[in-house]
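Every chain is numbered from 1, with letters handed out A, B, ... down the list of sequences.
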Amino acid sequence: MTVTSLNSESRRTQRRGVTVAPWRRGLLDSPGNIAITLGYVLVVAWLGIPFLRWVVFDATFSSDAAGCASGGGACWAFIGEKWRFILFGTYPVERHWRPASACILLIGLLIAACIPRFWGRGLGYAGAAGLIVAAMLLCGVPGPIVATDQWGGLPVTLFLSVGAFAGAFPLAICLALWRRSDQGGVRWLATAFIEVVRGVPLISLLYVATLLFPLMLPAGASLDKFVRAGAALTLFVAAYLAEIIRAGLQAVPRGQYEAALSLGLSQRQATLLVVLPQALRAVIPPMVNLATGMFQETTLVVIIGMFDLLNTARAAANDPNWIGYYNEAFAFVALIYFVFCFSLSRYSLWLERRFGQAKR
Amino acid sequence: MRHMLRRRAGTFIQATAVAVAMLGAVTAADAGPTLDAINARGKIKVGVGTSPGFFAPDSNGKWQGFFVDFGRALAVTVFNDPEKVEFTSSSPQQRLPSLQAGEFDVLLSGVTQTITRSFKLGFHFGPVVFYDGQGLLVKKSLGVSKGADLNGATIGIQSGTTGELNIADFFRKNKNTFKPVVIEETKELRTALESGRVDALTQDATDLAITRVQLTKPDDYVLLPERLSKEPLAPAIRSGDDRWLEVVNWTVYATIQAEELGITKANVDSLLESDDPEIKRFLGTDKSLGEAIGLDPKFAYNIVKAVGNYGEIYERNVGKGTKLDFERGYNQLWTKGGLLYSPPFR
C-alpha cells in the first residue's frame, strides 16, 4: 500500500519538473532495466499470444458441436448453449426467472450489506426477509414446489454463502461474547463449540450433516439435505467468525467499557452500544476475507452431491453432444468467481482506506 | 485455509462409511419398507453419477443417459409416469454410504456388484444392466485386432486402479510382455496415446469410450472387444425391502424381455392386437398375470411405451448412433451371443 502511494506521488512530482517521460523511468533508463523490460515483454507475448489465439482468434463463437470440433481454439458456442445450465443447473428451464431473480435479490443484499450507511438493525431484518424471499423464489412458492435437488449453479453458491454468513453473524457475536463471559458454564460451552468446529475439516462436517445426521433422527422424520448442508456451513462459519469478533473485542480498550458504566449504562448497554460497534468495525477486513474464502469453499458441497456453480460447469461438459469442453466451462465460471471475489477484495481495500482516514 | 479444511478428509470419509454401514445394518430392519416411503413421497429418489452417455444433464437441465432411463422405467412401474423420479449425482466415495443413509431408494450410478458389497455392506443388487470390464484402446494403424497381438507394447494405465494387476495377469497368461506407463490424470493418458508415448490405454471400457471421443481424431482409434476384468454394473438397493427389490428386478427384465420379443417403442401399440399368448401376457392384454403379481397389468407396456426396450435405451444413449459409438458386446441378448437374459413372464 504505502509503496504504491509513494510511487504515484513521486511520479506526479516528476511530471511537473523533469523532462523524462515518467513511464520510461524504471523501464528503459538503464541497460539492466531494458533487459528486464524486454524479458517481461517476451514472457507476456509467449503466454499472451497463444492465450489470445485460443480465446479470440481461433475460437468458434456461433456454431454447433460439429463446427467446434473442426476449429482449433475455444468453443464459445458451448457457453452459448450451456450458460443457462451452468448458471441454474437442473432447475426446470421454463421457470428460470425464479433462480434469476433470487440471484439478483441476493446480490442486491450483498451490495447493501457493503454500504456502511446501511449498517444497523434494519439491515439484519432486511437480510432475513431477503433470504426468506429468495428461498421462496427457489422453492417455487407460490406454485408447484421445486425440490432442492433440482437447484443448481449460481443461486446455490450465492444462497449457501450469503445465507451461511448471515446466519452465522448473530451466532458468532453471541459465541464471542460468551467466550469472554465471566460465567463458567457459558464460557465453557462456547469455547468447546468453537474449538470442536475449528478442529474439524469442513468436509467432515458436511458428511456428518448429510450421512450421520439422518440416521440419528427418529424414524419417519427427515430434514432436507440442502437445509442440513446450510446448517453445517453456518456452524462452521460461526466458529471462525466468533474468533475474529473476539479479536475485535480484545482490541477495544477496557477503559471504554468502564467509561460507559460510569456514565450510567447497564453492563448490557455498555457491551452492545459501546464495545461491540467498535469491535466489529475493527475486524471488518478479516471478516471480508472470511466471506471471500467461504464463497469459494461452498463448492465443497459437490462432495455431497449438490450442484453448485463449479459442479454445473463440470456437468455441462459431460453432455455427450458437447463432450469435453472443460476448459471453456471452467474459464466461464472462473470469470464469475473472479468478478465476485475481486470486487470483495477491492471493497475491503476501499473500506480500510475509509476507516484509516476516519481515524486520522 | 484450504489445507486446513481438507486435512484428514480421506480417512474421515472411510470412517464415516463404515460407521454408516454399521448403523444402517441396525436400523434397516425397523425402517419402513422403501416402497412405502416411495409411495408416500410420490416419487423415486435415484442416485446417479456423472459420465457422458450414462448420466448427464442436458442443456435444459434434464437428466439423460443409459442409467437415467432405467430410473425413469422404475418410475413407470411404480407410478406409470416417467417424470416421477428425482436424480441426484453422487461421487464414487459417498454413493454407498448415502444409499445406506436413505438418501436414495436405488443407486443407478454404475456400481459393480461384488460379494463384499452384498454380505459386508448389506446391499441387494438388481439384475446387471451393463456388463463393463477393463478394455484396451489402440490406434487403428497398429493393425491390432485382439489383446494377444500387443506383445511388447507400451500400455498407459491410470494409477490407483486395479487395472495394473489385471493387465499384468492378462499379458502373463498370454506369455507376452508389455511395458506399463502409469499416469494419474485422464487428460495426460489421452496425450500419451496421441503423442505415441504409449501404444494402448487400458481402463474400464466405458471410460475408454469416453476417452476416445475426447481424442482429436477419435476415428483413428479402436476399442478392442475383449474384457480383462468383470465389472457388472447393477442397480443397488438397501436390504430389507423384498418387494422393492422385485420391482427393480422385473423393471429391468421387462426392458430385456421386450427386446427379445421384438417389441419396440414404435410397434408396441400395434402389438396390443397380437394373438401371441406370450406377448399378450407381457403387455397385459391378458390381465391374469398382472392380477397375480399385484402390479399394474400393463406395466411392461408402459415401460416400453415410455423409454423403449433395452436395445433402444442402449442405442439411444451409448450405442452406434451416438458419439460414444459403443459396441453391444456382452450387453447383447443371450439369443445373439450376449449375456442379457430375462426370466419368463408367466
Side-chain angles (χ1 to χ4, degrees), chain A residues 65 69 81-85 88-94 96 147 149-150 152-153 198 200-205 207-208 210-216 219-220 222 225 236 240 289-290 293-294 296-297 300 302-307 311-312 314-326, chain B residues 1-10 12-13 15-17 19-20 23-24 26-27 30-32 37 43 45 47-48 50-65 86-91 93-95 97-98 100-103 187 210 213-214 216 317-318 322-324:
Chain A
E81 168 77 17
K82 289 286 183 184
W83 67 272
R84 285 181 82 126
F85 176 75
F88 302 129
T90 52
Y91 206 92
V93 70
E94 64 282 0
H96 269 179
D149 288 83
Q150 289 178 279
R198 292 206 319 155
V200 183
L202 174 57
I203 202 168
S204 61
L205 269 186
Y207 264 94
V208 170
T210 44
L211 300 180
L212 286 177
F213 187 72
L215 292 172
M216 298 171 196
S222 73
K225 187 165 82 174
F236 187 79
Y240 281 86
N289 207 2
L290 182 67
M294 277 319 297
Q296 295 163 22
E297 294 301 344
L300 274 181
V302 51
I303 54 124
I304 55 170
M306 280 159 61
F307 272 111
N311 207 18
T312 50
R314 188 177 303 144
N318 266 339
D319 185 333
N321 298 317
W322 295 86
I323 200 167
Y325 292 108
Y326 293 103
Chain B
M1 182 112 171
R2 198 142 303 205
H3 303 290
M4 203 160 60
L5 300 176
R6 297 211 171 139
R7 112 194 117 178
R8 292 198 309 267
F12 186 86
I13 292 164
T16 321
V20 167
L23 268 170
V26 177
T27 51
D30 30 317
K43 62 185 170 192
K45 284 178 151 186
V48 292
T50 42
S51 209
F54 293 93
F55 9 59
D58 64 13
S59 301
N60 289 327
K62 201 167 170 337
W63 281 95
Q64 306 289 358
E86 195 177 278
F87 297 99
T88 308
S89 92
S90 188
S91 69
Q93 296 86 21
Q94 60 126 6
R95 57 191 186 180
S98 296
Q100 197 57 269
E103 286 283 329
K187 191 162 186 264
I210 294 160
V213 184
Q214 295 182 55
T216 327
N317 291 300
V318 295
T322 68
K323 278 194 169 183
L324 289 181

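- Put simply, of B:Ser59, B:Ser51, B:Ser90, the one with the most heavy-atom pairs under 4.5 Å next to chain A is B:Ser59.
- Contact tally against chain A (heavy-atom pairs below 4.5 Å) for B:Gly47, B:Gly102, B:Ala56: the top residue is B:Ala56.
- Looking at B:Lys43, the atoms closer than 4.5 Å to chain A (heavy atoms on both sides) all sit in the side chain, from C-beta outward.
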Taking it one step at a time, do B:Thr88 and B:Trp63 satisfy side chain to side chain contact (heavy atoms under 4.5 Å, CB included)? CA-CA 10 Å; B:Thr88 308; B:Trp63 281 95; over 6 Å; no
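- Both tests hold for A:Arg198 against A:Tyr240: distance to the six-membered ring centre under 6.0 Å, angle to the ring axis within 45°.
- Side-chain contact between A:Tyr326 and B:Gln214 is present, with heavy atoms from C-beta onward closer than 4.5 Å.
- In this structure, the portion of B:Lys323 lying under 4.5 Å from any heavy atom of chain A is its side chain and not its backbone.
- If you take CD1 on A:Ile203 and CZ on A:Phe236, they are separated by 11.0 Å, rounding to the nearest 0.5 Å.
- Of the residues considered (A:Val302, A:Asn321, A:Asn311, A:Asp319), A:Asp319 shows the highest number of contacts with chain B, using heavy-atom pairs under 4.5 Å.
- Between the OG atom in B:Ser89 and the CD atom in B:Gln94 there is a gap of 7.5 Å [rounded to 0.5 Å].
- Here the CD-NZ distance, from B:Glu103 to A:Lys225, works out to 5.0 Å after rounding to the nearest 0.5 Å.
- Neither the backbone nor the side chain of B:Thr322 comes within less than 4.5 Å of any heavy atom in chain A.
- The contact between A:Phe307 and chain B is made entirely by side chain atoms (from C-beta outward), counting heavy-atom distances below 4.5 Å.
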